[in-house]
Peer 1: 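Shown below is the structure under consideration.
Lettering follows sequence order; numbering is per chain, from 1. Reckoned from all heavy atoms, side chains included, excluding hydrogens, waters and symmetry mates.
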2 protein chains.
Amino acid sequence: MATAKTIPLSKRPLNDASAGDLANVFAALADPVRLRLFDLVRRAGETGVCSCDLVEPLERSQPTISHHLKVLREAGLVESRREGTWLWYSVVSDALDDANAFVQS
Amino acid sequence: MATAKTIPLSKRPLNDASAGDLANVFAALADPVRLRLFDLVRRAGETGVCSCDLVEPLERSQPTISHHLKVLREAGLVESRREGTWLWYSVVSDALDDANAFVQS
DNA sequence: CCATCACATTGATGATTGTCAATGTATTGT
DNA sequence: ACAATACATTGACAATCATCAATGTGATGG
């Protein structure tokens, strides 16, 4: 007899926990400035981009950019590496896998 | 000589307008209840699902569900069709195309 | 016409958010 | 040690949001 446990994960409706996790990722992308930030970081590839080069093109104050980068970092979408006084941001690979799977199907 | 106009759209950094549109879509998905709502509606296929069947599984009040469905509708992700006193919700096909393209690359 | 059912709208409340000026904290070069 | 640079944190404010109780609206059936 078929029980809930026999239903493959992908066929089961979203439970509250997974929905919460996914919603956090989408929330990180739910702001124009953060979307453009992520886009710029992603374009920079493995090398990444210095956050000092992100303030001007986005026309926001330095604290605002810093705040948005923190949101992206805490959502697991980007990571930073110190190089002297600079911070280089790059995308976390596979960070968008769940989001991708959800939006795809 | 290469000018900005010769760069294909997909290779250009996100401008503010497209970022705003995309952010609106992600904002609609940035809530656990709405994610699960969208998931349930999508699972219902072309037929769609009566919104009366969405209140109980999500454990929210009827006005709250109604509010979230409105958000999804205004984001262009779902549409509704009247059937007597009921409203049947179904997904708008291709509504996630832009989001998919962004998350994919 | 009236009661009922399905759903939307209103109004209120507490929580979260985007933004910036001011300030704090590392790190580097002198 | 000091000044300068890069970035983070704090504190404040207006705006938006998720939620629900109460109420409104529109369709159906008797």
Peer 1: Considering only heavy atoms and no angle criterion, is a donor-acceptor pair shorter than 3.5 Å present between the side chain of A:Q62 and the base of D:dA6?
Peer 2: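 Between D:dA6 and A:Q62, which were checked side chain against base, a qualifying N/O pair under 3.5 Å is absent.
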Peer 1: Angle between ring planes, A:F26 versus B:F26, binned at 30° and 60°: parallel, tilted or perpendicular?
Peer 2: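 Rings of A:F26 and B:F26: parallel, under 30°.
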Peer 1: I'd like to know if B:L40 and A:L22 are part of one continuous hydrophobic network [Ile/Leu/Val/Met/Phe/Trp/Tyr, side-chain heavy atoms within less than 4.5 Å].
Peer 2: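 A:L22 clusters together with B:L40.
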Peer 1: When clusters are formed by joining ILVMFWY residues with side-chain heavy atoms under 4.5 Å apart, either directly or through shared neighbours, do A:L69 and A:W86 land in the same one?
Peer 2: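 No; A:W86 is not reachable from A:L69 via cluster members.
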Peer 1: Between B:V71 and B:I65, is there shared hydrophobic-cluster membership here, with clusters defined by ILVMFWY side-chain heavy atoms closer than 4.5 Å?
Peer 2: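 In one cluster: no.
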Peer 1: Please state how far atom CG in A:L87 lies from atom P in D:dT5, giving the value in whole angstrom units.
Peer 2: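 Distance, rounded to whole Å: 17 Å.
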Peer 1: With a 4.0 Å cutoff (strictly under), does any side-chain N or O of A:H68 reach OP1 or OP2 of C:dT19?
Peer 2: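 For C:dT19, OP1/OP2 do have a side-chain N/O of A:H68 under 4.0 Å.
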Peer 1: To the nearest angstrom, how far is B:L72 atom CG from C:dA8 atom P?
Peer 2: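 Interatomic distance, CG of B:L72 to P of C:dA8: 12 Å.
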Peer 1: Do B:S18 and B:D21 have side-chain atoms, one donor and one acceptor, less than 3.5 Å apart?
Peer 2: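 Checked: B:S18/B:D21 side chains show no N/O donor-acceptor pair below 3.5 Å.
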Peer 1: Could you please name the option among C:dA8, C:dG18, C:dT27 that lies closest to any side-chain atom of A:H67?
Peer 2: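 That would be C:dG18.
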Peer 1: What integer distance in Å separates A:E74:CD from D:dA8:P?
Peer 2: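 After rounding, the gap between these two atoms is 11 Å.
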Peer 1: A:R81 vs A:Y89, test: side chain to side chain donor-acceptor pair (under 3.5 Å). Steps then yes/no.
Peer 2: CA-CA 7 Å; A:R81 159 179 47 94; A:Y89 280 86; over 6 Å; no
Peer 1: For the pair made of CG in B:D53 and C1' in C:dC7, what is the distance, rounded to whole Å?
Peer 2: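 In whole Å, C:dC7 C1' lies 13 Å from B:D53 CG.
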Peer 1: Please report the distance, rounded to the nearest Å, between CZ in B:F26 and P in C:dT17.
Peer 2: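 Interatomic distance, CZ of B:F26 to P of C:dT17: 18 Å.
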Peer 1: Between A:R82 and D:dA8, does any side-chain N or O lie under 4.0 Å from OP1 or OP2?
Peer 2: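 It does not, given that no N or O in the side chain of A:R82 lies less than 4.0 Å from OP1 or OP2 of D:dA8.
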Peer 1: Counting only side-chain heavy atoms from C-beta out, which of D:dA21, D:dT19, C:dC7 sits nearest to B:C52?
Peer 2: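 Selected nucleotide (nearest to the side chain): C:dC7.
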Peer 1: Find the distance B:L58:CG to D:dA18:C1' and express it as a whole number of Å.
Peer 2: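 B:L58 atom CG is separated from D:dA18 atom C1' by 14 Å.
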Peer 1: For a quick test of reading the model: is some side-chain N or O of A:T85 closer than 4.0 Å to OP1 or OP2 of C:dT28?
Peer 2: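 Answer no for this pair, as no side-chain N or O of A:T85 is under 4.0 Å from OP1 or OP2.
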Peer 1: Whether B:T64 contacts D:dC20 is assessed here as follows: a side-chain N or O lying under 4.0 Å from the phosphate OP1 or OP2. Is that the case?
Peer 2: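 Checking D:dC20 against B:T64, a side-chain N or O does come within under 4.0 Å of OP1 or OP2.
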Peer 1: Take B:W88 and A:P63, find for each the nucleotide of DNA chain C with the closest heavy atom, and name the residue whose nucleotide sits nearer the 5' end.
Peer 2: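 So the residue in question is B:W88.
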Peer 1: C:dT17 C1' sits how many Å from A:L29 CG, rounded?
Peer 2: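 Going from CG in A:L29 over to C1' in C:dT17 covers 16 Å.
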Peer 1: Does B:R60 make a side-chain N or O approach to OP1 or OP2 of D:dT19 shorter than 4.0 Å?
Peer 2: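 For D:dT19, OP1/OP2 do have a side-chain N/O of B:R60 under 4.0 Å.
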Peer 1: Where the side chain of B:D31 is concerned, which of C:dC20, D:dA18, C:dT9 is the nearest nucleotide?
Peer 2: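 Selected nucleotide (nearest to the side chain): D:dA18.
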Peer 1: Is the shortest side-chain N/O distance from A:R34 to OP1 or OP2 of C:dG18 below 4.0 Å?
Peer 2: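 The answer is yes; a side-chain N or O of A:R34 sits under 4.0 Å from OP1 or OP2.
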Peer 1: State which of C:dC20, C:dA8, D:dC7 makes the closest approach to the side chain of A:S61.
Peer 2: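 Of all the options, the side chain of A:S61 is nearest to C:dC20.
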Peer 1: Is the phosphate of C:dC7, meaning OP1 or OP2, less than 4.0 Å from a side-chain N or O of B:K70?
Peer 2: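 No, because none of the side-chain N or O atoms of B:K70 sits under 4.0 Å from OP1 or OP2 of C:dC7.
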Peer 1: Between C:dT28 atom C1' and A:W86 atom CH2, what is the distance in whole Å?
Peer 2: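 Taking CH2 of A:W86 and C1' of C:dT28, I get 9 Å after rounding.
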Peer 1: When all nucleic acid strands are considered with a 4.0 Å heavy-atom cut-off, which category describes A:S66: base, sugar-phosphate, or nothing?
Peer 2: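 Contact class for A:S66: base.
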